[in-house]
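Numbers for residues simply follow the sequence, beginning at 1. For the numbers below, each heavy atom of this structure counts, side chains included, while hydrogens, waters and symmetry mates do not.
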Amino acid sequence: MNSIRTQELPSFIFRPESILERIDYKSLFPSLQPVELELGSGDGSFLSKYAALHLERNFLALERLLGRLRKLDRKCARAGLTNVRMLRMEAAYFVEYMIPKGSLSAIHIYFPDPWPKRKQRKNRLINERFVLLSHQALLSGGKIYLRTDDADYFQQMTTVYDSSPLFKKDETPDELSAVITDFERNFNARGVATNRAAYQRT
């Protein structure tokens, strides 16, 4: 009986040599290009599509759940993408201590955990402190794109960014809005609207 060989796909998941040093983009990507970051990549349905549309950009994907990260890894490998790298780490720490300051052209945060109970809201990623962290990580003119189905969390997101002199309100490009996550598609099919916001670093 002939055995069937399966081609081993490359892995784009990386493990930093140190979590106390800022990452070096030159060691991660085959070419130096503008870098965008997605925090909480979920099943990878957004990033695998968006990165394929923008081969002239590099993308970092952060996700806490290893199973989801591996799913995104397989999608990117099957698509032959070389402009995506991903890792498993806590988001706020990564942005504060491991992203080179002033290096990102964009940050994408789509449908983060809303922590809906009042006593849980302190666990939300996007708060006054995160505004400072995102300002530190973005280059001048860099943008942050936000989406959520949770109205209360959306109000919190827009309140902290609207009140900061470090950012000004911007528009989400139609091309970007058109690339949706599987999670978002399922919600929209049930009549749950997507709340979107965008801000530019001043």
Are the charged groups of [X] and [Y] less than 4.0 angstrom apart, N to O?
| X | Y | answer |
| --- | --- | --- |
| D73 | R70 | no |
| D113 | R124 | no |
| R147 | E184 | yes |
| D170 | K143 | yes |

Hey, any chance [X] and [Y] share a hydrophobic cluster, counting ILVMFWY side chains that come within less than 4.5 Å of each other, even indirectly?
| X | Y | answer |
| --- | --- | --- |
| Y110 | V35 | no |
| L39 | I19 | yes |
| L125 | W115 | no |
| I180 | F111 | no |

For [X] and [Y], indicate whether the former's side chain and the latter's backbone hold a donor-acceptor pair under 3.5 Å.
| X | Y | value |
| --- | --- | --- |
| R88 | R64 | yes |
| T202 | L166 | yes |
| N83 | A51 | yes |

[X] atom [atom1], over 12 foreign heavy atoms within 6.0 Å:
| X | atom1 | result |
| --- | --- | --- |
| Y97 | OH | no |
| R129 | CZ | no |
| K168 | NZ | no |
| Q155 | CD | no |
| Q120 | CD | yes |
| R121 | CZ | yes |
| E21 | CD | no |

Using 30° and 60° as the class boundaries, would you call the ring planes of H108 and Y145 parallel, tilted or perpendicular?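 Judged by the thresholds at 30° and 60°, the geometry between H108 and Y145 is parallel.
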Do the ring planes of F59 and Y50 sit parallel (below 30°), tilted (30 to 60°) or perpendicular (above 60°)? perpendicular
Nearest 0.5 Å, please: how far is [atom2] in [Y] from [atom1] in [X]?
| X | Y | atom1 | atom2 | result |
| --- | --- | --- | --- | --- |
| R22 | E96 | CZ | CD | 8.0 Å |
| L176 | R196 | CG | CZ | 8.5 Å |
| R190 | N186 | CZ | CG | 7.0 Å |
| R85 | L62 | CZ | CG | 15.5 Å |
| L28 | N58 | CG | CG | 9.0 Å |
| S41 | L87 | OG | CG | 9.5 Å |

Side-chain heavy atoms of M89 within contact of P16, under 4.5 Å: yes
Indicate whether any N or O donor in one side chain lies under 3.5 Å from an N or O acceptor in the other, for [X] and [Y].
| X | Y | answer |
| --- | --- | --- |
| T148 | N195 | no |
| Q156 | T159 | no |
| T194 | N188 | yes |
| H54 | Q33 | no |

In a check of side-chain contact (heavy atoms from CB on, under 4.5 Å) between L146 and each of T158, I109, T172, which one passes?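 Going through T158, I109, T172 one by one, the side-chain contact (heavy atoms from CB on, under 4.5 Å) with L146 is satisfied by I109 alone.
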